[in-house]
Amino acid sequence: MGIQKVKGSLEDLIEKAGGCAVVDGGFATQLEKHGATINDSLWSSICLINDPDLIKRVHLEYLEAGADILVTSSYQATLPGFVSKGLSIEEGESLLKKSVKLAVEARDKFWDDKKRISGHSYNRALVAASIGSYGAYLADGSEYSGCYGPNVDLDKLKDFHRRRLQVLVEAGPDLLAFETIPNKLEAQQFKISKIYKLQACVELLEEENIQIPSWICFSSVDGENAPSGESFKECLDIINCSNKVSAVGINCAPPHFVQVLVQKFKELTGKVIVVYPNSGEVWDGRAKRWLPSKCFDDDKFKLFATRWRDSGAELIGGCCRTTPSTIRAISKAELKIIYQSVCVCVSSVSFKVDQNQSKDEDILHHVE
Ligand SMILES: C[S+](C)CC[C@H](N)C(=O)O
Ligand SMILES: N[C@@H](CCS)C(=O)O
Ligand SMILES: [Zn+2]
C-alpha cells in the first residue's frame with residue numbers, strides 16, 4: 001500500500017512552501033544555549049524529564065525562525081534508556097508521547113497566533129517524531145562510526161526500535177524522522193550490523209503498517225560512502241523498495257559534503273531528498289563535546305541552501321550546532337522562486353540566468 005497523501009502531508013507542505021520546505025535546526029544546541037545540561041546518557045531527551053517547558057520554547061523559536069518542520073525531542077529517548085534511569089516502562093512511554101505532544105502544542109499555538117495576522121509568510125508546520133539510531137542510544141558517539149559490536153543483529157535492532165516506533169506513532173506526529181544512521185564502518189561485522197540496521201527500519205515500517213510518511217537520514221564522515229561502509233547505492237536500493245519511506249538524505253554531517261551527496265542521491269532515488277547538516281564541528285563521543293573544525297556560518301548556509309535546492313533537495317535545515325539564526329537564514333534563502341531561462345541585456349553585456357536555478361550572483365553566467 002502506498003503512502004496516503006492526506007492533507008498536511010509532506011508532499012503538500014513542500015508544494016505549499018514553493019518546492020522546498022525548511023526543517024528546523026540543532027535542537028540540543030538550542031537547549032544548551034538556554035542553559036540546559038544535557039551531558040547525560042539521554043542527551044537532549046533528559047529535558048523531557050527535567051524541563052519540558054524549555055523543549056516547547058525551543059520548538060517555538062524554530063517556528064518563529066521559519067521552520068516548516070519541527071523534529072521532536074525523542075532522538076535519544078528510548079525505553080531501555082528511561083528504564084536505566086529508574087523509570088517504569090509506562091513512564092517511559094508517557095515521556096515518548098510527551099515529546100510529540102510538546103511539538104504539536106508548540107506548532108498549534110504558533111499557527112493559531114500567526115493565522116490571525118494577514119500576509120504572514122509562514123506555513124502550518126509538520127511535526128516529525130525523531131527516531132535516533134541505536135548508536136544514539138549507546139551514547140558513545142557510535143552514530144558516527146557504526147561500531148555496535150558483534151552481537152547486534154537484525155532481531156535485536158528491530159526489538160530495540162519496535163515499541164518506541166509504535167508509541168511515537170500512537171502519539172500522532174505527522175511523520176517519522178529516522179536520524180543519523182551511521183555511515184562509516186571499520187570492520188566487517190559492523191558492516192553487517194549496519195546494513196541490518198537499515199533493513200530494520202524499513203522492515204519495521206512494513207510490519208507495523210505505518211501510515212504516516214517517514215524519512216531516513218544518514219550521517220557521513222567522509223562525504224562519499226554509505227552507512228556500513230558500503231555504497232549509498234546499496235542502501236538506497238533497500239529504501240527504494242519501500243513505499244513507506246517518503247524521503248531520504250543526510251543529517252548531522254558536515255555541510256561541505258552536502259552538495260555532492262545531494263547530486264549523488266538524486267541519481268540513486270526518486271524519493272524526496274532531505275538534508276540538514278551540522279555546522280561542521282565534529283562530535284567527540286568520548287569527551288562528549290564538539291571539536292572545532294571547518295564550519296559554515298549562517299551566511300554560508302543561506303548561500304548553499306540555494307545550491308542544495310538547485311541540486312534537487314526539497315527539505316533543507318540544520319542539525320547540531322546550528323541555531324534559529326541559521327534556520328532564519330535558510331528560510332530567507334531563495335528557495336522558492338524558479339526562474340525560467342531568460343536573457344537579460346545590460347548595455348552591451350548579456351547574462352544568462354539558468355533554468356531551474358534561483359536568484360544568486362553565482363548563477364549569472366556571462367554569455368557575451
Ligand atoms: C548527535 S550526537 C552529538 C548525540 C549525542 C551522542 N549520542 C552521545 O550520547 O554521545
Ligand atoms: N534531532 C536531533 C538530531 C541530533 S543528530 C537534534 O537536533 O538534537
Ligand atoms: Zn545532529
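Atoms within a ligand are numbered from 1 in the order they appear, just like the ligands themselves.
- Under the 3.5 Å distance criterion, the side-chain polar atoms of N251 are left unmatched by any main-chain donor or acceptor of Y276.
- Contact annotation: Y137 has no heavy atom less than 4.0 Å from any atom of ligand 1.
- Heavy atoms of C319 found under 4.0 angstrom from ligand 2 belong exclusively to the side chain.
- Atoms of ligand 2 found under 4.0 Å from any heavy atom of A28, numbered from 1 in the order shown, are 8 (O).
- Ring pair F27/H59 is parallel by interplanar angle, where below 30° counts as parallel and above 60° as perpendicular.
- Relative ring orientation between H256 and F296 is described as tilted, the plane-to-plane angle lying within the 30° to 60° band.
- Atom 2 (C) of ligand 2 has E179 OE1, 3.6 Å as its closest protein atom, hydrogens excluded (heavy atom only).
- The CG atom of N278 sits 4.5 Å away from atom SG of C252, with the distance rounded to the nearest 0.5 Å.
- Of all the heavy atoms of C320, the ones lying under 4.0 Å from any atom of ligand 2 belong exclusively to the side chain.
- For ligand 1, the polar-atom distance check finds an N/O of Q76 within less than 3.5 Å of one of the ligand's N/O atoms.
- When atom types are taken as modelled, the side chain of Y62 and the backbone of I69 share no donor-acceptor pair closer than 3.5 angstrom.
- At distances below 3.5 Å, at least one donor-acceptor pair connects side-chain atoms of T72 with backbone N or O atoms of S130.
- For the pair R164 (side chain) and A77 (backbone), a donor-acceptor distance under 3.5 Å is present.
- At least one N or O atom of W283 sits closer than 3.5 Å to an N or O atom of ligand 1.
- With D68 contributing its side chain and V22 its backbone, the two residues share a donor-acceptor pair below 3.5 Å.
- Here is the list of ligand 1 atoms found below 4.0 Å of a heavy atom in A139: 8 (C), 9 (O), 10 (O).
- With ligand atoms numbered from 1 in the order given, ligand 1 contributes 7 (N) to contacts under 4.0 Å with heavy atoms of A136.
- In terms of modelled atom types and a separation under 3.5 Å, the side chain of N240 and the main chain of L236 share a donor-acceptor contact.
- The protein heavy atom nearest to atom 7 (O) of ligand 2 is F27 N, 3.1 Å.
- For W290, every heavy-atom contact with ligand 1 shorter than 4.0 Å involves the side chain, none the backbone.
- Residue Y75 approaches ligand 1 through these ligand atoms, each under 4.0 Å from one of its heavy atoms: 1 (C), 4 (C).
- No side-chain N or O of E143 forms a donor-acceptor pair with one of S133 less than 3.5 Å apart.
- Judged by distance alone, the side chain of S331 and the main-chain N or O of A65 form a donor-acceptor pair under 3.5 Å.
- Panel detail: the Zn ion (ligand 3) has protein N, O or S atoms under 2.8 Å away, 3 in number.
- Close approach of ligand 2 to C252 is summarised as follows: ligand atoms under 4.0 Å from at least one heavy atom of the residue are 5 (S).
- Atoms of ligand 1 lying under 4.0 Å from at least one heavy atom of K288, given by number and element, are 8 (C), 9 (O), 10 (O).
- The aromatic rings of Y134 and F160 sit perpendicular to each other, their planes meeting at more than 60°, with 30° as the lower class boundary.
- The protein non-hydrogen atom at the shortest distance from atom 1 (C) of ligand 1 is Y144 OH, 3.1 Å.
- Counted by atom type alone, E207 and N209 present zero donor-acceptor pairs between their side chains at under 3.5 Å.
- Residue G141 has at least one heavy-atom neighbour below 4.0 Å for each of these atoms of ligand 1: 10 (O).
- Ligand 2 places these atoms under 4.0 Å from at least one heavy atom of T180: 5 (S).
- With a 6.0 Å radius and a threshold of 12 heavy atoms from other residues, nucleotides or ligands, K158 has its NZ atom above the threshold.
- Remark: E93 CD to I89 CD1 distance equals 6.5 Å, nearest 0.5 Å.
- Checked against a 3.5 angstrom limit, the closest N/O atoms of E143 and ligand 1 fall inside it.
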